[in-house]
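Here's the structure, in structure tokens; my notes come after.
Just so it is clear, the model here is predicted, and its values are computed rather than measured. Atoms within each ligand, like the ligands themselves, are counted from 1 in listed order.
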Amino acid sequence: MDSIATRLQLIRQRIDTAAQRSGRTAGSVSLLPVSKTFGEDAIREAVAAGVHRLGENKAQEIRSKYEPLADCNIDWVMIGHLQTNKAKDIARLASEIQSLDRIDLAIALDRRLQQEGRAIDALVQIKTSTEPTKYGMAPEDLPQFLRQVARDMPTLRIKGLMTLAINLPDQTAVRACFRTLRELRDRMREEAIEGIEMERLSMGMSGDYEIAIEEGSTEVRIGTAIFGGRIYNDDYYWPEGQAPAKG
Ligand SMILES: *Cc1c(COP(=O)(O)O)cnc(C)c1O
């Protein structure tokens, strides 16, 4: 009863209900299942249930899963902090990156993508919370960044923005993060930078996706609620030992 397929179905229903509650249509919010820390069996179960796009937050993990699961034709989406020296793996193996958060990473990715003869979709990760350890670009740096990517880096097709909300039980603070991202997206849309699309808003995880949808999310990234609990929880949200203290 409690299979990955069952949980996927339940979450899709909840996503649609939240979308309709906020005046949007069922099917207008998409689901990105996040398979980090889970192995081949769980992923094959998800694929059998209709999943073909999966989020991972470490380049090494995409690399180690890519070959054994090649027959599944999965589109791998990078959602975690990426060190510049691992840009090559993402340029080779990922269909998309949602954690593009600085110009030196954009430059490294563009160079590797040119070598591979590929282009990928990208969302810019924005820091919307005041937590000191969280990755993401400061909102005020976004316009300049977008102009530079649009001008110099045709291999990065910018489609919108991504964020992680503050890691607190306070729903008002969580909602404020999502609202900040949507308002920033709306302002950027008005600027209409040529070559930059600003439609997508990737926001919301297992614990807060219904709030994110109410605030305009077009895509939620869900791990735990589909695949179950992970052993190394915070380490996998905030890699490299930068987990903030629990609020
Ligand atoms: C792990 C992770 C998620 C999914 O988190 P859950 O709470 O397991 O749903 C979403 N986004 C990012 C960037 C992640 O690292």
(message) Apply salt bridge (charged side-chain N to carboxylate O under 4.0 Å, His left out) to residues R157 and E96 and explain how you reach the verdict.
(response) CA-CA 9 Å; R157 299 182 298 237; E96 173 178 328; over 6 Å; no
(request) Run the numbers for me: atoms of ligand 1, each under 4.0 Å from some heavy atom of I222, listed by number. (result) 9 (O)
(request) Enumerate the atoms of ligand 1 whose separation from the nearest heavy atom of S206 is less than 4.0 angstrom. (result) 6 (P), 7 (O), 8 (O), 9 (O)
(request) Write down the atom of G216, the atom of M203, and the distance for their closest heavy-atom approach. (result) C-CE, 4.0 Å
(message) Ignoring hydrogens, what is the shortest heavy-atom contact between G55 and L32? Give both atom names and the distance.
(response) N-CD1, 3.8 Å
(message) What verdict does the side-chain hydrogen bond (donor to acceptor under 3.5 Å, both in side chains) test give for S99 and Q125, after you've listed the backbone C-alpha separation in whole Å, the side-chain angles of each residue and the deciding distance to 0.1 Å?
(response) CA-CA 5 Å; S99 47; Q125 182 175 354; 4.7 Å; no
(message) Below the 3.5 angstrom mark, is there an N/O of I79, backbone or side chain, next to an N/O of ligand 1?
(response) no
(message) Under a 4.0 angstrom heavy-atom cut-off, which atoms of ligand 1 come close to K36?
(response) 1 (C), 2 (C), 3 (C), 14 (C), 15 (O)
(message) Can a donor-acceptor pair be found, under 3.5 Å and without considering hydrogens, that links the side chain of R185 to the backbone of E199?
(response) yes
(message) I need the atoms of ligand 1 closer than 4.0 Å to a non-hydrogen atom of T224, numbered in the order shown.
(response) 6 (P), 7 (O), 8 (O), 9 (O)
(request) Heavy-atom contacts with G223 under 4.0 Å: which atoms of ligand 1 show up? List them by number with element. (result) 4 (C), 6 (P), 8 (O), 9 (O)
